[in-house]
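So you know, we letter chains A, B, ... as the sequences are listed, proteins then strands, and number each from 1.
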Amino acid sequence: MAVFVEVDHVDRVFKLPTGGEYIALKNIDLQIHQGEFVSLVGHSGCGKSTLLNILSGLDQPSAGGIVLEGRQVTEPGPDRMVVFQNYSLLPWLTVRENIALAVNRVMKKHPQAVRDRMIDHHIEMVGLQKAAHKRPGQISGGMKQRVAIARALAIRPKLLLLDEPFGALDALTRGGLQEQLMQICQENDVTCVMVTHDVDEALLLSDRIVLMTNGPEAHIGQIVDVPFPRPRERMEVVKHPNYYSLRNEIVYFLNQQKRAKLHKAKPVVAMAANGLEKVNLELGFIPLVDCAPLVVAKEKGLFEAHGLSHVTLNREPSWNAIADGVATGRLDAAMMVAGMPLGMTMGYGSQRPRPMVSALTLSRNGNAITFSKRLFEAGVRSLADFKAALERRPDQVHTLAAVHPTSMHNLLLRYWLASGGIDPDRDVSVTVIPPAQMVSTLKAGTIDGYCVGEPWNARAVAEGLGVVMATDNDIWPGHVEKVLGVTEAWANQYPKTHVALVKALLEACEYCDDRRNREEIAALLAQPEYVGADETHIRQGFVDPYNRGSGDAPESVLNYIQFFTGKANCPDVSEAVWMMTQMARWGITPFPRNWLEVAERVKRADIFGQAARELGMLDIGRDRRPSHLFDGIEFDPDDPLKYLDQFAIKRDLRIEEVPLDAVIVH
Amino acid sequence: MQVLNTPTQSTNSLQTQEPFLVIDNLTKVYPTATGDFVVLDGISLGVNEGEFVCVIGHSGCGKSTLLDMVAGFRQPTEGEVRLQTQTISEPGPDRMVVFQNYSLLPWLTAYENIYLGVNSVFPNKPEAAKKHIVMEHLAMVGLADVANKKPSALSGGMKQRVCIARALALRPKVLILDEPFGALDPITREELQEELLKIWQDHQITVLMITHDIDEALFLSDRVVMMTNGPAAKIGEVMQVPFARPRDRARMMEDPKFYELRNEALDFLYHRYAHDDT
């Protein structure tokens, strides 16, 4: 699709009366396609209205520019109409006269009859025939805004700009107007840019949502693609499996910006002490049973014991928040899904590659694949049953969820499906939903199953919503699950701190695998500041026998989740290569031609080794040898391409050099 | 066992111990040139002491008329409102109302705005006690240091805090909030919701609040009363909100129940009782 509106490196600087300057917008770069609906979302003062004014030509950029269909925008014009929050109708004219004023001005070359038709058509479009001869003072706020929209569209603009159009209306009146605007845009193929505060409004209407950071120097923080099919209907949109995860992601972004605003006054500085470069650490975790090593290190004083006197654990809402927090430096380090440091280093999801380091494996196993009770009751007991069910109902789309593109949940779920002849992209839909939203989404019936860590399988079983189809012990016993992740820049800047952190967590891992401590840890995890879930759910597989919910007696799975035993903790290059093959198999990242270099650069066995030796522990990992998953297909880490080659179900393989040294290391 | 569940039994218990606030078969009709206009049609609701109830519905569903009758500003055409079994016939300091548009006197400071109410309700208290009440409530909403500022020097959020302090300073039995945060930006709105919850918890006060915001209703209330569209609006559905207290917004959003209730409310308001503004 050709670019319709090009926002090219726009800056907007205001001169202050005191002599200084205020940089409102910094380097805004955005391409908008014809017929696209883009929303700008951010806090007050983030410059979103300034950007809209620049698009309309009411304001000029200080640097950069706007191009609409190949022509630079330098002044306001009828090809770009703006609808403001306060309606701006002339109070002494009727609804029809307000619209006629614009039409007669802009279309003066057309005969009166054509203009009249135009006016009436647009009054009808917004359903105001009955009110056509009323003045603004006689109609409701919602009706006034419909007049303003009709007036703007009546002169056939190329671009409709909406500045918080429904902000003055109550939330429920807004809802009706949103649906009407959506329908109008759809029918008239209008290109729209809308400024809004309302996340639900943005999700309902937009193709893309541009999230702006706070000013000064506001810029685009993130762009969210909205995948809901059109035509849209509010209740269908709300029930889309990704609705609440996208909504929570945007709310999270806005909350981060709010916090950033508060913290700007007191920037965090590294506190050096105890022979370490930095002892004040912000660590990120996701409320899951396998966050246990972080919780134990904190509660048992292991961080302090290794000189890390000011460690704060941050409970994060999603794996995206973890990746973003570590990348932006808000978090020093975090527990990550196993493929995340590799994925970030290679630039998954068209993100900028960012070299990451993982010097410790925090846990192995602990996941399961849960299917909805509905599927189970329809007779789905195995992968083969599922395939048969899919073949019986080719008209139905089955949606399964994993927690992050680079997580083992996603890679194992896809591997498992493909091993049964089910293409995870073509025969079903695999989507990403944060762990804490899995059960609610399953309950809402918008997904049919998921692969996730605990307590989210246990909870679905306990609530009678789902049945565990396979644990990861059934698929790949002892696989890497959660790892410690930091940026390479951080690791280079704070090497002693890094080793101290690995030591504290390694001791915590050992503590977690002493079965005598499991009762105590389960109680710790149940506290609201950590996992905050029902302790009986946490205990499933962790302390108690594992209940699959299939009616069979709970089984004792000793290694359902491992933290230390079996040389669990050394970063393992072979496993990294396996994950790279699977990420490439599904098109998440290219397969790096320099795969060994990437794997060795990320998986820092040397840092682990130093930490282990200083603790008097074994500083080696698992033996390097070919391994296999449940299907018996051998994986030889020395020949990953041959391994990839033999899979029948896969995407087109991209093999690319990942230029590690091109990335600046601070 | 069966006897206990018969309707007679529950009627008896209703007579012996009725809820704190009772809205009893309330109907409001306005006579117009073209005939009677029925705003509310037979609304019945019991609110327990210390309960937080939100009323949600489209514009024109008569929510504000309902609150006005609880406040005593208007009289019902049929039925009545009783607070602790006493029929409400006029406004009184036992039911304080906070409106969306602040309604502070612009020529008085924050302190003076609150003092005005305190002085008229407790005229016989010693001056020091009145002063103490005013300052205590300003401090409760975190505004002790702007006591001498006039409303024009305060932000929207601060003005609404003064209104809440003014209402609570009179020690009402019921706090009535008519879309109190509707005019505030989303961040300030969330901050004030959290403050309001804390105050409600500390004061153990009974709250009846109108809102258009489903998230706000789910975060704050014990029950959400959803109204059908006017004219002749009724209570369409009453939703129990089970989240543990004290509430934490992030924790609530992890609860599957939140999404279930939110979708149910959306369905009610946008699907079953969609609003047609023509």
Side-chain angles (χ1 to χ4, degrees), chain A residues 43-44 126-131 139-143 146 167-180 197-200 233-235 238-239 243-244 247-248 251-252 254-255 257-258 261 287 315 317 434-444 446 459-460 463 465 528 532-533, chain B residues 56-61 63-64 100 155-157 178-179 181-191 210-217 226-227 229 244 246-278:
Chain A
H43 291 307
S44 306
V126 293
L128 286 178
Q129 298 95 316
K130 281 189 211 150
I139 59 179
S140 71
M143 290 162 91
R146 279 146 64 187
L169 308 171
D170 71 73
L172 298 178
T173 305
R174 227 182 280 159
L177 280 174
Q178 288 158 0
E179 282 169 36
Q180 205 175 12
H197 268 121
D198 182 334
V199 178
D200 293 294
E233 200 274 312
R234 182 185 302 273
M235 287 318 291
V238 167
K239 288 176 178 162
Y243 184 81
Y244 282 111
R247 185 176 189 273
N248 288 351
V251 169
Y252 171 79
L254 293 172
N255 282 334
Q257 291 297 316
K258 173 169 122 185
K261 215 172 203 168
R315 194 175 188 273
Q437 286 163 45
M438 287 294 188
V439 173
S440 57
T441 319
L442 187 73
K443 191 169 183 181
T446 55
R459 179 154 178 186
E463 293 189 5
L465 300 169
Chain B
I56 193 163
H58 291 286
S59 303
C61 76
K63 306 183 293 285
S64 294
Q100 178 176 347
S155 69
D178 191 352
E179 243 199 289
F181 309 138
L184 305 174
D185 69 85
I187 293 183
T188 313
R189 200 183 303 158
E190 288 193 355
E191 283 170 8
I210 284 183
T211 178
H212 278 112
D213 183 335
I214 294 167
D215 294 310
E216 178 169 281
M226 293 188 282
M227 306 272 292
N229 291 333
R247 283 196 188 149
D248 175 289
R249 201 183 300 273
R251 214 46 61 87
M252 180 180 79
M253 286 172 68
E254 285 174 11
D255 193 326
K257 194 79 188 162
F258 172 73
Y259 301 95
E260 203 180 306
L261 294 179
R262 190 175 195 273
N263 285 355
E264 193 179 325
L266 283 172
D267 187 59
F268 181 91
L269 293 162
Y270 287 115
H271 192 212
R272 281 187 281 159
Y273 291 97
H275 189 48
D276 186 20
D277 177 37
T278 42

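- Within the 4.5 angstrom heavy-atom criterion, atoms from both the backbone and the side chain of Glu254(B) approach chain A.
- Side chain of Arg251(B) to backbone of Pro528(A): a donor-acceptor contact under 3.5 angstrom is found.
- When all heavy atoms of Ser440(A) and Pro256(B) are compared, the pair lying nearest together is CB-CA, 3.0 Å.
- Looking only at side-chain heavy atoms (C-beta outward), Arg249(B) and Asn255(A) stay at 4.5 Å or farther from each other.
- Checked against salt bridge (Lys or Arg N to Asp or Glu O under 4.0 Å), Arg262(B) has the following partners two or more places apart in sequence or in another chain: Asp200(A), Asp215(B).
- Every residue two or more places apart in sequence or in another chain that forms a side chain to side chain donor-acceptor pair (under 3.5 Å) with Ser64(B) is listed here: Asp178(B).
- Atom CZ of Arg272(B) sits about 9.5 Å away from atom CE of Met235(A), to the nearest 0.5 Å.
- At least one side-chain heavy atom of Lys258(A) sits under 4.5 Å from a side-chain heavy atom of Glu190(B).
- Comparing Asp213(B), Ile56(B), Asn263(B) by heavy-atom pairs within less than 4.5 Å of chain A, the highest count is held by Asn263(B).
- At least one side-chain heavy atom of Tyr259(B) sits less than 4.5 Å from a side-chain heavy atom of Gln437(A).
- Of the two parts of Arg174(A), neither the backbone nor the side chain holds a non-hydrogen atom closer than 4.5 Å to a non-hydrogen atom of chain B.
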